[in-house]
Amino acid sequence: MSQSVSNQNTSLTPPPNTSLPEQTRQTVCPLDCADTCSLEVTTQDDRITAVRGGKANPFTRGKLCAKVVNSFPAQVHGDLRIRTPLLRRDSLGGRDFQPISWEQALDIVFEKFSGIQQQWGSEAIAPLYYGGPMGILAGGSMDKRFFHRLGASQIDSSTLCAGTSGSAWDTVFGDAGGIDLEELAESKLILVWGNNITTCNLHLTTIIRDAQKRGAKLVVIDPKRTRIARDADLHVPLLPGSDVVLAYALTAILDASGDLDEEFIKQHTHGGDQFRAAAKQFGVQRAADLCGLDTSVIEALAEMFREHGPAAMTIGVAPERNRNGSAGIRAAFSLMAVTGNIGPMGAGVCDVGRFFSIDKERLARPDLAPVGIRKINVLDIPRYVLEPGEETPIKGLFIYNHNPVAVHPQQARMRAALLSDNVFVVGSDVTMTDSMACADLVLPASTHFEYGDVYKAYGHRYLQRSRPVLPSQGESVSNMELFRRLGTRFGFSEPAFQDSDDALIEQAFASINSAIPAQADGKALDMTPYAEPAMLRGGVFTTPSGRIELYSETMEEHCGQGLPRYLDSPDKRDFVLVTPASELRTNSTFGGLKDQQRDIVCEIHSADAAEQGIEDGESIELHNERATVQLTARVTDDVRPGTLYVPKGAWIADSPTGYTVNALLPGHQESAIGGACYYDCGVDIRHPPKG
């Protein structure tokens, strides 16, 4: 089905006869990335002419990834930019969009959603959101207030990313805080576990390499030889989903040689005996077979734990993206505990959440919601639209801060749900994404350059406040203004819907220090004075036992995993497909831009390529029972045999078969919180049919 937008006519070429001088201002990168870089943006005649790294943030130090430098101007001013409300109009030519006024758009949302409420109840409406811009206002203030007051179903989108990791942290540590990533400078053994930091945490590489120069040892645990893995003293290319086995095997080896920290286990852990007994089930040969490793690699890593300390770990979200996600991360955390690598300077698990005590409830106002509103796993949205059974169906969806067609597993099913006649879909976005093309009504969203916000980080301890550097393009509005307008149209009279952006920011920090927003205005504020203490440095374990829980009665009752448990792969095919972060896109952001599609290829090991009769640069098809996707093969020995790599975030327009790799991904969920199992994807390879 074709899609067209009648009002898109924008060029990246600056207008002729420019008279205003260039201006350079400071702002912040809003993308879902650990580094939250400060930016320096040059504008002329209300257009961005250059984006560079800003020097306000001492962690990012003026350095910036290429995708931000190259892509932001095209995103803001390009042909895909949505500049006015658009209403779907089906015609013989396919699906077209007709520009309408904001007044008409708000009336349509009110009429459609009110009708759904009258027939099905408010729970038949749901927001569909995810990362988008990471500012505390754009993703968790007026939008949450609106849907709470509306009585819509509440959505848990953490199951797409980081929710499983967060649950594992809470299970093992409670809300006790981890260590700052800059503390890796004090470590003698650094474990980078499932975290491609050169793509997702770029500025951390300098800290690690400087530590190596002072004698620290670096271990990278990752199925692929990433750029940081090439610099490692040991690369552990384990099979996706086998992290729990590796952690158990290391525990068993160190236990047998008497190298666990017995005093630490006795004083600070709960379930140490059970964890050690479970570890003994994974002898080094069995572990090597399950992990797809040589026994020498596992033994070498155990020796590093014996010889080098203190040890610290930065663990990414990759280990959570499979059926063993929670188990693998819990086991990795537990390994740090049984070796005594928690507490001393340079020892621990990196996490900076304790630095940002923002009052999320005051921003989101959950008290506005009716009591007992249901909560839905975002992965289950298609089922509630297409096959609700006896449950209240979803009849109205509001997509914002999200591109679900490009991000969710089971792409075809998500797309079918959004295109279904059973649901009315409203979307708000900066550009015409694959998901917006499925909507009935599309609203123009402002980029973060066009409004101010406050940004915390998950890769450093600095808070930053931004101001707009451009006027709103076309008729676009920020999320805060959008949901204020909707609140007015729906007749919500509570003062909460009249709060300005400045008032929202003040509320977020009022319980900590009302001066914080001003101190972070245009610069990076070190949040150390406001941080909760780290674990075993004054931080208290809030687990049921008050200790580090290597065994959890809560998890045993919840899902039968009092101890982390290894489950074999449910999808037996020739290859495991891994869809890691792209160096050209952030999730699906920038996916629609021509220059950001160069990595949409399938990396395959040379031995596998030879066996399959595949040459570098050749077209191949990946297929399973869910879909077929055509890609160009890139033969490399950086990937492990039996594993294929295709960076995530591509858009459908880039695929000859009308699907991206997300259409190949399974729909089952891991046991702890129902997290997505992206890396449990089995595929086979074939050559495309000739002709």
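What you see is a predicted model, and the numbers here were worked out from it, not measured in a lab.
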Trainee: Using 30° and 60° as the class limits, which term best fits the ring planes of Phe490 and Phe110: parallel, tilted or perpendicular?
Mentor: perpendicular

Trainee: Nearest heavy-atom pair of Asn624 and Cys681: which atoms, and what distance?
Mentor: ND2-SG, 4.0 Å

Trainee: Does Asn322 use its side chain to pair, donor to acceptor, with the backbone of Pro319 at less than 3.5 Å?
Mentor: yes

Trainee: Does atom CD (Glu361) have a neighbourhood of more than 12 heavy atoms from anything else shown, all under 6.0 Å?
Mentor: no

Trainee: Indicate yes or no: does Arg383 engage Glu391 in a salt bridge with an N to O separation below 4.0 Å.
Mentor: yes

Trainee: Ignoring hydrogens and angles, tell me if any N or O in the side chain of Arg145 forms a donor-acceptor pair with the backbone of Leu363 under 3.5 Å.
Mentor: yes

Trainee: Between Thr269 and Arg547, does the side-chain hydrogen bond (donor to acceptor under 3.5 Å, both in side chains) criterion hold? Intermediate values first, please.
Mentor: CA-CA 5 Å; Thr269 73; Arg547 293 167 167 241; 5.4 Å; no

Trainee: Could you please spell out the steps behind the side-chain hydrogen bond (donor to acceptor under 3.5 Å, both in side chains) verdict for Ser114 and Glu111?
Mentor: CA-CA 5 Å; Ser114 294; Glu111 291 164 6; over 6 Å; no

Trainee: Any side-chain heavy atom of Ile376 within less than 4.5 Å of one from Asp156?
Mentor: no

Trainee: Can you find a heavy atom in the side chain of Asp107 that is under 4.5 Å from one in the side chain of Trp102?
Mentor: no

Trainee: Could you give me the CA-CA distance, side-chain angles and deciding distance for Lys395 and Ile125, then say whether side chain to side chain contact (heavy atoms under 4.5 Å, CB included) is met?
Mentor: CA-CA 6 Å; Lys395 294 291 184 177; Ile125 300 168; over 6 Å; no

Trainee: Under a 3.5 Å distance rule, please check whether Arg88 uses its side chain to pair with a backbone N or O of Asp440 as donor and acceptor.
Mentor: no

Trainee: Would you check if the side chain of His148 reaches a backbone N or O of Asp367 as a donor-acceptor pair within less than 3.5 Å?
Mentor: no

Trainee: Parallel under 30°, tilted from 30 to 60°, perpendicular over 60°: which one fits the rings of Phe173 and Trp169?
Mentor: perpendicular

Trainee: Please tell me if the side chains of Tyr400 and Asn479 come closer than 4.5 Å, counting only heavy atoms from C-beta onward.
Mentor: yes

Trainee: Around atom CD of Glu625, are there more than 12 heavy atoms of other residues, nucleotides or ligands at under 6.0 Å?
Mentor: yes

Trainee: Show the nearest heavy-atom pair for residues Asn422 and Val385, with the distance to one decimal.
Mentor: ND2-O, 4.1 Å

Trainee: Under 3.5 Å, side chain of Asp453 to main-chain N/O of Leu137, donor-acceptor pair present?
Mentor: yes

Trainee: OH of Tyr384 to CG of Asn377: how many Å apart, nearest 0.5 Å?
Mentor: 9.0 Å

Trainee: Which atoms form the tightest heavy-atom contact between Ser582 and Pro647, and what is the distance?
Mentor: CB-CB, 3.9 Å

Trainee: Is there a side-chain contact between Ile329 and Asp243 (heavy atoms, below 4.5 Å)?
Mentor: no

Trainee: May I ask you to decide if Asp175's main-chain N or O and Thr542's side chain share a donor-acceptor pair within less than 3.5 Å?
Mentor: yes

Trainee: To the nearest 0.5 angstrom, please state how far the CG atom of Leu128 sits from the CG atom of Leu397.
Mentor: 6.0 Å

Trainee: Would you say the ring centers of Tyr566 and Tyr248 fall short of 6.0 Å from each other?
Mentor: no

Trainee: Charged N to carboxylate O below 4.0 Å: is that the case for Arg484 and Asp501?
Mentor: yes

Trainee: For Trp651, which of Val405, Thr660, Asn403 qualifies under side-chain contact (heavy atoms from CB on, under 4.5 Å)?
Mentor: Asn403

Trainee: Mind running side chain to side chain contact (heavy atoms under 4.5 Å, CB included) on Phe590 and Gln75 for me, showing each step along the way?
Mentor: CA-CA 7 Å; Phe590 307 140; Gln75 184 194 49; 4.0 Å; yes

Trainee: In terms of relative ring orientation, are Phe483 and Phe146 parallel, tilted or perpendicular, with 30° and 60° separating the classes?
Mentor: tilted

Trainee: Atom CD of Glu670 and atom OG of Ser326: how far apart are they, to the nearest 0.5 Å?
Mentor: 6.0 Å

Trainee: Thinking salt bridges, do Glu320 and Arg330 make one under a 4.0 Å N-O criterion?
Mentor: no

Trainee: Treating His558 as the side-chain partner and Ala672 as the backbone partner, does any N or O pair qualify as donor plus acceptor under 3.5 Å?
Mentor: yes

Trainee: Of all the heavy-atom pairs spanning Ala126 and Ile155, show the shortest one and how long it is.
Mentor: CB-CD1, 3.9 Å

Trainee: Taking all atoms of both residues into account, what is the closest heavy-atom pair of Ile116 and Ala124, and its distance?
Mentor: CG2-CB, 3.7 Å

Trainee: Within the structure provided, determine whether Cys438 and Arg415 are in side-chain contact (heavy-atom separation under 4.5 Å).
Mentor: yes

Trainee: For the pair Asn662 (side chain) and Gln411 (backbone), establish whether a donor and an acceptor sit closer than 3.5 Å, ignoring hydrogens and angles.
Mentor: no

Trainee: Would a line drawn from the ring center of Phe147 to the ring center of Phe398 be shorter than 6.0 Å?
Mentor: yes

Trainee: For this output row, return yes or no: ring centroids of Phe355 and Tyr530 closer than 6.0 angstrom.
Mentor: no

Trainee: Please say whether more than 12 non-hydrogen atoms of neighbouring residues, nucleotides or ligands are located less than 6.0 Å from CD in Glu506.
Mentor: no

Trainee: Would you call Asp680 and Arg321 a salt bridge, taking side-chain N to carboxylate O under 4.0 Å as the test?
Mentor: no

Trainee: Does some side-chain heavy atom of Asn587 sit less than 4.5 Å from a side-chain heavy atom of Lys648?
Mentor: yes

Trainee: Has the side chain of Ser588 got a donor or acceptor atom that lies under 3.5 Å from a matching backbone atom of Gly649?
Mentor: no

Trainee: With side-chain hydrogen bond (donor to acceptor under 3.5 Å, both in side chains) as the test, would you mind laying out the steps for Glu123 and Thr392 before giving the verdict?
Mentor: CA-CA 7 Å; Glu123 286 188 336; Thr392 302; 4.6 Å; no

Trainee: I need the Ser476 OG to Leu443 CG distance, nearest 0.5 Å.
Mentor: 11.5 Å

Trainee: Atom OG in Ser141, atom CG in Leu504: separation rounded to 0.5 Å?
Mentor: 5.0 Å

Trainee: Which atom pair, heavy atoms only, marks the closest approach of Ala176 to Phe541?
Mentor: CB-CD2, 3.7 Å

Trainee: Would you mind reporting whether Phe275 and Leu563 have side-chain heavy atoms less than 4.5 Å apart?
Mentor: yes

Trainee: Considering only heavy atoms from C-beta outward, does the side chain of Ile548 approach that of His270 to under 4.5 Å?
Mentor: no

Trainee: Return the CG to CD1 distance between Leu463 and Ile358, rounded to the nearest 0.5 Å.
Mentor: 6.0 Å

